[in-house]
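Read through the structure below, which is laid out as structure tokens, and then see the notes.
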Amino acid sequence: MDLTFSDSEAAFRDELRAWFEINDPGTMPTGDDAAYAWRRDWQRRLAEGGWAGVHWPREYGGRNATMTESAIFFEELGRARAPLPANVLGLLLAGPTIMTYGTDEQKERYLSPILTADEIWCQGFSEPDAGSDLAALKTKAVKDGDDWVITGQKVWTSGAQYSKWCMLVARTDLDVPKHKGLTYFLMDMEQEGVQIRPLVQITGEPEFNELFIEGARVPDENVLGGVGNGWRVALTTLMNERSGLAFFLQVRLRQLLDELIEEAAERGLLDDPVVADRIGYLHMKAEILRLTAYRGLTTIEKYGTPGPEGSLTKWMWSETNQELAQFAADLLGADALTTGNRWAYELLRSRGNTIEGGTTEILKNIVAERVLGLPRLKGAAA
Amino acid sequence: MDLTFSDSEAAFRDELRAWFEINDPGTMPTGDDAAYAWRRDWQRRLAEGGWAGVHWPREYGGRNATMTESAIFFEELGRARAPLPANVLGLLLAGPTIMTYGTDEQKERYLSPILTADEIWCQGFSEPDAGSDLAALKTKAVKDGDDWVITGQKVWTSGAQYSKWCMLVARTDLDVPKHKGLTYFLMDMEQEGVQIRPLVQITGEPEFNELFIEGARVPDENVLGGVGNGWRVALTTLMNERSGLAFFLQVRLRQLLDELIEEAAERGLLDDPVVADRIGYLHMKAEILRLTAYRGLTTIEKYGTPGPEGSLTKWMWSETNQELAQFAADLLGADALTTGNRWAYELLRSRGNTIEGGTTEILKNIVAERVLGLPRLKGAAA
Amino acid sequence: MNFDFTEDQQEIKKTARDLLSSRSSLAKVREAAEGKAYDPALWSELVELGWPGIAIAEEHGGQGLGAVELAILSEELGYALAASPFLATVTAAEAIGIAGTPEQQAQWLPLLASGEATGTIGSAGGLVPDADAAAVIVLIGEDGVARVLARAEAEVTPVDSIDPTRRAARVYAPPTHGEALGGDSAAAIDRATVVVAAELVGVAQRALEMTLAYVKDRRQFDTPVGAYQAVSHKCAQMLKDTEGARSATYFAAWAADAEPDRLPEAASLAKAAASDGGRDVTASAIQAHGGIGFTWEADVHWLYKRAQVDAALLGGSGTHRARLARLLAARLQPAAA
Amino acid sequence: MNFDFTEDQQEIKKTARDLLSSRSSLAKVREAAEGKAYDPALWSELVELGWPGIAIAEEHGGQGLGAVELAILSEELGYALAASPFLATVTAAEAIGIAGTPEQQAQWLPLLASGEATGTIGSAGGLVPDADAAAVIVLIGEDGVARVLARAEAEVTPVDSIDPTRRAARVYAPPTHGEALGGDSAAAIDRATVVVAAELVGVAQRALEMTLAYVKDRRQFDTPVGAYQAVSHKCAQMLKDTEGARSATYFAAWAADAEPDRLPEAASLAKAAASDGGRDVTASAIQAHGGIGFTWEADVHWLYKRAQVDAALLGGSGTHRARLARLLAARLQPAAA
């Protein structure tokens, strides 16, 4: 057990920090489009510095970073108060999935523009009637000559309006059981058949979108991993979903907590034992999250498969983030209930934490069945 | 809405208080047998004063008390620090069930000795393999001449060693679905075929027993409510289970909390804001329990059926009682962890609160299905 | 001991439920929230029904009913999530009605009862609901003493709270402005507090009902999601929280008129229970709705936002728990009280 | 950054698990608890293996290994719920080893390392584990300063704690008795605290495993109860609590030797997490066992009792949360620290 960074990890971190010193991310402009364009530029700068796809193999322009280094990257990104690169879904999900299942032509065609943010990716998995139940999705793909013609609706698609490509899972065979008839497509977003409608969240922001797909065409060569193999390919995408990102979220939580403690200190509230008790509690939870995330990395690096820790960090993070936001509202009163205040935003935004990327209920199912080996109830699923 | 007692309720209470003044319950002796004998005497005194079966109709020696008066009885019993009468299961469960389903002969035979504690009753429902699932019970009754011959095992039978009679549910027909082949028997405990083994709890006390029934005989006239009707009769017993008793428990919780507050004050701990916060919380929960229990009474008295409140008070009580015991341990430290201390006892005993008389999980099922009308999951049951 | 409403009270409840379900549907609430403007027709109608004056004495032009009737209405307005200055106005009237000088009462209560003017009550450091349009503001100072201010005597800065179904403002007034309430500020605040608790109970009830309807209908893995214990037990918990808050709130409303000595404790009980319950139940409602619950399009977020702001009005649950502990400690040492 | 144990450490863990599963089965724990007597053979065996001295410096006759190795053993003894003066002895050794004067170390550490004597550490107001047979008692005063007392210098009153798997006592010593630790009492206590946290992690792990085995097997309504979300999600929570406590505890054990500056915070993190986790997980274990879990006959209650007493040793979670807040506040105002 050695909870300091190894020499090579420390060197990686120092190199990155040095790069951040020179390449100050600056301040993101307001306005969705401006912010997005800025994040795209930011990714280009990262890519130029060789920092965009740190966990990608060198042959694809990455740094071949270990899991820990990848975690360090996101920790440092958070510490530098830099935003996520614009094409985060391409870097974390589409890229690794294409590396795993793509043909040589597909790798050649898609990977490089992901890295440079020249082509942004979005994810078309969720559907209105298949929230937690991927296998129940209804979007259909029908073969027509060399193309597939796709019809259906997707939801919770973030960044769709900026995306060139969509990781789309659709049903290609209606005659086989639910998860068997699925195929994974790389769908061009720039076509008539794809309409995007912003989906406004309770924060008032349109962070996600709905996709209305009506006769969109995808050539056969854009099938990833083979027809009928979509379930397996999609699982690969989902497995990659929050490997490194967990550290970004964890650092962001830590920053929020530190800022709240500072704010409490400025208001002279730290001397209130009830406040102190709660701060001690939240600090404990934040540290447990951080440490458990690192334990999870050790397990993956050593054994190649995630241990129980990996399935717990999303749950820990979302719960703690909600508790933190609620405590901030208690502590700061009217300020934290006024639109424009960051805590007011967190109080709303954090409610999504236990829903997005797998509800806490589904995560508990997964922990119970896959980690603890508990039997599945008839009619229920994870 | 009038949350003062009506004139007749106040008169009932005052009469009872006056009676308690003259009939000081005194102090229960230590030792299980001595305590039980003492509680039996106590019930006889209550019966002589006309206070044993306050909710029973006058024709059976009761007082025809309203639900509220019955609640007052248990509140006052708690307030006088008097114990429950020895034959509490006879008074609350066996008596009312016999009144509902008994023949005239059965009513004549059984009711009076219940009231006077001349014949103590116990309840033989639960079985080792059918904890929350009454319909899964395996104890069998086979007709043999005019008798039924009973074989099986029961568990969680409190007071079995002092009981003359047992409310026993057994399977009389193996060929029909689970809850259809049951029959409700009034079984004489004083026979060879019934062996009692004390079941020691985590407190170290044998509060309950196991019954081993091997060829016990019950004459046909001791079937209650007809052969094959056991499920319905048993539900009547269960419905009566905690009507008035809730108030006894509620008052006991209140007393414990008040004593803890006094203890905290003596130790100068009330000035600690963290302690005060927790005391404010527990006080809130205790008051919510009390008020919700009274709201439940109003609903029953007015509409004849329990409202949602009735299904919530057991849950509220057990949760709060556990929180109280845990807080006491936090507050009092070593004292509350030392055997002999009442809080040490509560810390252990209260764990049973969320299990005995229906686990909290089963209560939530019942609330979800019967109160909220939520669908039942295939393979699950309340 | 009878927790049931009288027939008159039940009639008030039913009238309110019926009226508000058409006049203040969630579509109309959304319109008001998104348009940042109350529907004046709704307010006129409430005024015509005499609701703002329901608990104001008849001599001041009110209906002379009590805190229970007011709680019933407040609960229903919370259930409807009505976008209206009702809560602000009646809480001001409660405060002035119990603790105002005869002059303060004569000056303000008839205006509030008739709906000619609206009022509000709030803390100097907090969000004050509907202060921008209020003719009279009861402002609670750091010391717990409440002053009565005419609108012109106060600096009112409207702010957008996270709850767009209700206007809010920060209020400041120099110490020399306004006039202290003649009577007991604590009683004035307690009566207003019960009204807020009642609204929270209504909000929680609505969140529970919306959630039940949703989870009975919504299917995942070929099963209504409400059949899963992860969801159904959450709903059971929502019922428990809602009913617990309701028990405490009805008790407080009853005590306000029938046993005012018990009001301090009862009001704090009610507000602590309703603040916690309202927040937890509405958060659970979002969660039980899944992704849909996190969208602006669904209505469940209005409930969460109202509950969050209401929970902070006139003291959050922590403040009231601390007060309950003080009241209990004072009982042990009456001399120190 | 590597959270994994070294091969040597894994070997220690495996040895301990294997040995204790036979030498300290739950049947033997029950025997010790019910007979109110430790098995002397078990202690001899632990001594032979050199476990009491695992973290004591070689110059004092120990194995000279570190806090991580000690935490591994403590976790396994907790997992086995071993009835033995191990925890008491090693915590005393940790305290004296880090903060004792050379004389205190020379006097006591060889005895503790060789198992010739046992020791203990505890608070003046609290339960002190195994003090009745301890040759040396490190007693923490109200002021946080720890004194080293020979047994004869202390008044030791054995008491039956709710945990019959471990002997306990109240300890009093007049201020003139004993001698203060030479070094930093806080560091001494922190190192001992990590040992208790590690034991709690083991207890929680055992509770989780026993529960999983039970709920996979036990059927209700024709279904293994572990299939119901009410049970399975509770088990998931137990895992989360256990793993969270483990993360914090391993960090603290590592920091104790590798980065002692971080130990104060790490020890409080570990103890707060393990106290809460240990209590919650063992309480959940009883609940998930249903009626059986509430019987003396089942073994799950031993875990709950151990967790309750351990949670209070060397400060409960509230104490450690308060300390964490102080440490954080001090970081903001280094001058005031």
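Only heavy atoms go into these numbers, but all of them, side chains included; no hydrogens, no water, no symmetry mates. All chains are named by letter (A, B, ...) in the order of the sequence lines, taking the proteins before the strands, and each is independently numbered beginning at 1.
Lys240(D) contributes atom NZ, which lies 8.5 Å from atom CD1 of Ile288(A) (distance to the nearest 0.5 angstrom). Annotation: the span from Leu328(D) atom CG to Asp258(A) atom CG amounts to 7.5 Å, rounded to 0.5 Å. For the atom pair CG (Leu3(A)) and CZ (Arg262(D)), the distance works out to 8.0 Å, reported to the nearest 0.5 Å. To the nearest 0.5 angstrom, Tyr281(A) atom OH is 10.5 Å from Ser317(D) atom OG. How far CG of Asn2(D) is from CZ of Phe5(A): 12.0 Å, rounded to the nearest 0.5 Å. Taking OG1 from Thr68(A) and CZ from Phe3(D), the interatomic distance works out to 11.0 Å, rounded to the nearest 0.5 Å.
Using a 4.5 Å cut-off between heavy atoms, Glu266(A) does not touch chain D at all. The contact between Glu287(A) and chain D is made entirely by side chain atoms (from C-beta outward), counting heavy-atom distances below 4.5 Å. Heavy atoms closer than 4.5 Å to chain A are found nowhere in Glu69(D), neither backbone nor side chain. Heavy atoms of Val371(A) lying under 4.5 Å from chain D belong exclusively to its side chain.
Here the side chains of Glu301(A) and Asp4(D) are not in contact, with every heavy-atom distance at 4.5 Å or above. Looking at Met284(A) and His320(D), their side chains never come closer than 4.5 Å, going by heavy atoms from C-beta outward. In this structure, the side chains of Phe5(D) and Thr298(A) stay at 4.5 Å or more apart for every pair of heavy atoms. Taking the side chain as every heavy atom from C-beta outward, Arg321(D) and Ile279(A) never approach each other to under 4.5 Å.
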**Message:** With side chain to side chain contact (heavy atoms under 4.5 Å, CB included) as the criterion, how do Trp254(D) and Asp2(A) come out once you've worked through the C-alpha distance, each side chain's angles and the decisive distance to 0.1 Å?
**Reply:** CA-CA 7 Å; Trp254(D) 170 81; Asp2(A) 180 2; 3.9 Å; yes
**Request:** Let me see the working for Glu259(D) and Thr4(A) under side chain to side chain contact (heavy atoms under 4.5 Å, CB included), right down to the final yes or no.
**Result:** CA-CA 9 Å; Glu259(D) 298 198 0; Thr4(A) 44; 3.2 Å; yes
**Item:** Worked verdict on Thr6(D) versus Met1(A) for side chain to side chain contact (heavy atoms under 4.5 Å, CB included)
**Value:** CA-CA 6 Å; Thr6(D) 62; Met1(A) 193 177 298; over 6 Å; no
**Prompt:** So Lys364(A) and Gln229(D), side chain to side chain contact (heavy atoms under 4.5 Å, CB included) or not? Walk me through it.
**Reply:** CA-CA 9 Å; Lys364(A) 289 182 189 175; Gln229(D) 283 177 326; over 6 Å; no
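Between Ser232(D) and the choices Leu372(A), Val367(A), Leu374(A), the side chain to side chain contact (heavy atoms under 4.5 Å, CB included) rule is met once, by Leu374(A).
In this structure, a donor-acceptor pair under 3.5 Å is present between the side chains of Glu265(D) and His283(A).
Figure legend: Arg290(A) and Phe251(D) shown as a cation-pi pair, the cationic atom lying under 6.0 angstrom from the six-membered ring centre and within 45 degrees of its axis.
Residues Leu291(A) and Ala248(D) share a closest heavy-atom pair of CD1-CA, 4.0 Å. Between Leu270(A) and Ala329(D), the shortest heavy-atom contact is CD1-CB, 3.7 Å. Nearest heavy-atom pair across Pro375(A) and Lys216(D) is CD-CG, 4.3 Å.
Top candidate by heavy-atom pairs under 4.5 Å with chain A, chosen from Glu209(D), Gln237(D), Gln9(D), is Gln237(D). Of the listed residues (Leu239(D), Val68(D), Val215(D)), the one with the most heavy-atom contacts under 4.5 Å to chain A is Leu239(D). Ranked by non-hydrogen atom pairs under 4.5 Å with chain A, the options Ala322(D), Ala273(D), Ala245(D) are led by Ala273(D). The residue among Leu269(D), Val231(D), Leu324(D) with the most heavy atom pairs within less than 4.5 Å of chain A is Leu269(D).
Few gaps surround NZ on Lys302(A); more than 12 heavy atoms of other groups in view lie less than 6.0 Å from it. Within a 6.0 Å sphere centred on CZ of Arg252(A), other residues, nucleotides and ligands contribute 12 heavy atoms or fewer. With a 6.0 Å radius and a threshold of 12 heavy atoms from other residues, nucleotides or ligands, Asp7(A) has its CG atom at or below the threshold.
In this structure a side-chain-to-backbone donor-acceptor pair under 3.5 Å is present from Glu9(A) to Met1(D).
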